[in-house]
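Because the structure is a prediction, the values reported are computed rather than measured.
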Amino acid sequence: KSTRETVGAIRGLELQKAKRFLKDVLEHKQAVPFRRFTGGISRHAQAQPHKWSQCGWPEKSARFVLDLLKNAESNAESKKLDTAKLTVSHVQVNQAPTQRRRTYRAHGRINPYVSYPCHIEVIL
């Protein structure tokens with residue numbers, strides 16, 4: 001869910017601006033507005049440039065998306081494209097199959113311990 005909000009914030013940006021935004025998110029200089037999945041998300045002043053009130057700093061999502069953008073940039077360089085003109089024209093996040101494990105609780109009980117990964121698709 002946080003990955004969906006992260007890529008929603010960089011959709012339509014130039015590649016260098018998108019990378020700078022994600023680096024700022026990692027340093028807590030800018031925040032990602034949470035527009036749909038807002039349960040438990042606090043309100044912060046850093047959401048004002050996005051005309052929103054709830055925002056956050058999803059570091060794991062930002063790190064993954066930043067690595068994906070760097071990979072896409074190197075692919076464009078290998079195809080001899082001008083990386084200064086690239087923009088993030090399409091970004092999509094889909095659910096992946098859940099990874100299920102178990103965690104052991106008190107009194108002999110067992111609860112699910114589920115990971116919710118996602119597939120990210122980027123077109124520059």
Side-chain angles (χ1 to χ4, degrees):
K1 293 178 179 179
S2 61
T3 308
R4 179 211 178 267
E5 304 292 353
T6 304
V7 300
I10 65 166
R11 185 177 288 122
L13 292 180
E14 296 175 0
L15 180 63
Q16 299 305 323
K17 285 185 180 179
K19 285 171 57 177
R20 190 178 324 118
F21 174 76
L22 291 173
K23 287 177 185 175
D24 287 348
V25 168
L26 290 174
E27 296 171 359
H28 288 231
K29 292 181 180 176
Q30 292 190 53
V32 173
F34 278 69
R35 299 180 192 273
R36 178 173 293 173
F37 302 108
T38 57
I41 304 295
S42 304
R43 297 176 293 183
H44 299 283
Q46 286 190 7
Q48 286 177 345
H50 302 284
K51 304 281 193 264
W52 209 255
S53 61
Q54 292 172 298
C55 66
W57 300 271
E59 295 188 12
K60 189 174 179 181
S61 296
R63 224 175 265 118
F64 272 103
V65 175
L66 184 60
D67 289 342
L68 193 63
L69 289 181
K70 287 179 183 176
N71 190 1
E73 183 182 21
S74 66
N75 289 345
E77 286 176 0
S78 69
K79 292 182 179 182
K80 297 181 176 52
L81 297 175
D82 185 15
T83 58
K85 294 181 179 179
L86 293 177
T87 60
V88 182
S89 61
H90 172 79
V91 183
Q92 179 176 327
V93 178
N94 294 325
Q95 280 185 335
T98 58
Q99 299 170 348
R100 301 183 67 87
R101 293 182 283 173
R102 54 170 68 174
T103 184
Y104 299 94
R105 308 304 297 264
H107 309 293
R109 294 176 298 134
I110 296 174
N111 280 0
Y113 199 71
V114 185
S115 169
Y116 296 97
C118 61
H119 298 299
I120 308 171
E121 176 183 297
V122 176
I123 298 176
L124 298 178

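Of all the heavy atoms in Val25 and Trp57, the pair that sits closest is O-CD1, 3.7 Å. For the pair Leu124 and Ser89, the tightest heavy-atom approach, listed with the atom from each and the gap, is C-OG, 4.1 Å. Of all heavy-atom pairs between Thr83 and Leu15, the closest is O-CD2, 4.5 Å. Heavy atoms only, all atoms of each residue included: Ile10 and Val88 are closest at O-CB, 3.8 Å.
Legend: residues meeting side-chain contact (heavy atoms from CB on, under 4.5 Å) with Ser78, ordered by chain and number and at least two apart, are absent. Taking Arg35 as the reference, Glu5, Pro33, His50, Trp52 meet the side-chain contact (heavy atoms from CB on, under 4.5 Å) condition, with sequence neighbours excluded. With sequence neighbours left out, the side-chain hydrogen bond (donor to acceptor under 3.5 Å, both in side chains) criterion links His90 to Gln92, Glu121. Residues passing the side-chain contact (heavy atoms from CB on, under 4.5 Å) test with Gln95: none are found, sequence neighbours excluded. For the salt bridge (charged side-chain N to carboxylate O under 4.0 Å, His left out) test, no residue two or more places apart in sequence or in another chain qualifies with Glu77. With sequence neighbours left out, the side-chain contact (heavy atoms from CB on, under 4.5 Å) criterion links Pro117 to Ala96, Gln99, Ser115.
In this structure, the separation between OG on Ser53 and CD on Gln46 is 13.5 Å, given to the nearest 0.5 Å. Note: Leu81 CG to Asn75 CG = 10.0 Å, rounded to the nearest 0.5 Å. Residue Leu69 holds its CG atom at 11.0 Å from OG of Ser74, rounded to the nearest 0.5 Å. The CZ atom of Phe21 lies 13.5 Å from the NZ atom of Lys29; values are rounded to the nearest 0.5 Å. Taking NZ of Lys1 as the start and OG1 of Thr38 as the end, the distance is 10.0 Å to the nearest 0.5 Å. We find the CZ-SG distance between Phe64 and Cys118 to be 8.5 Å, quoted to the nearest 0.5 Å.
Applying the side-chain hydrogen bond (donor to acceptor under 3.5 Å, both in side chains) test to residues at least two apart or on different chains, the pairs with a partner in residues 15-26 are Gln16-Glu73, Lys19-Glu73, Asp24-Gln30. Under the salt bridge (Lys or Arg N to Asp or Glu O under 4.0 Å) criterion, no residue pair touches residues 87-111, with sequence neighbours excluded. Residues in residues 59-71 take part in these side-chain hydrogen bond (donor to acceptor under 3.5 Å, both in side chains) pairs, two or more places apart or across chains: Ser2-Ser61, Thr3-Ser61, His28-Glu59.
The closest side-chain heavy-atom distance from Thr87 to Leu13 is not below 4.5 Å.
Taking Ile, Leu, Val, Met, Phe, Trp and Tyr as hydrophobic and joining them when side-chain heavy atoms fall under 4.5 Å apart, one finds Tyr104 in a cluster with Ile110. In the hydrophobic clustering, Val114 connects to Tyr116, either directly or through intervening members, whenever side-chain heavy atoms lie under 4.5 Å apart.
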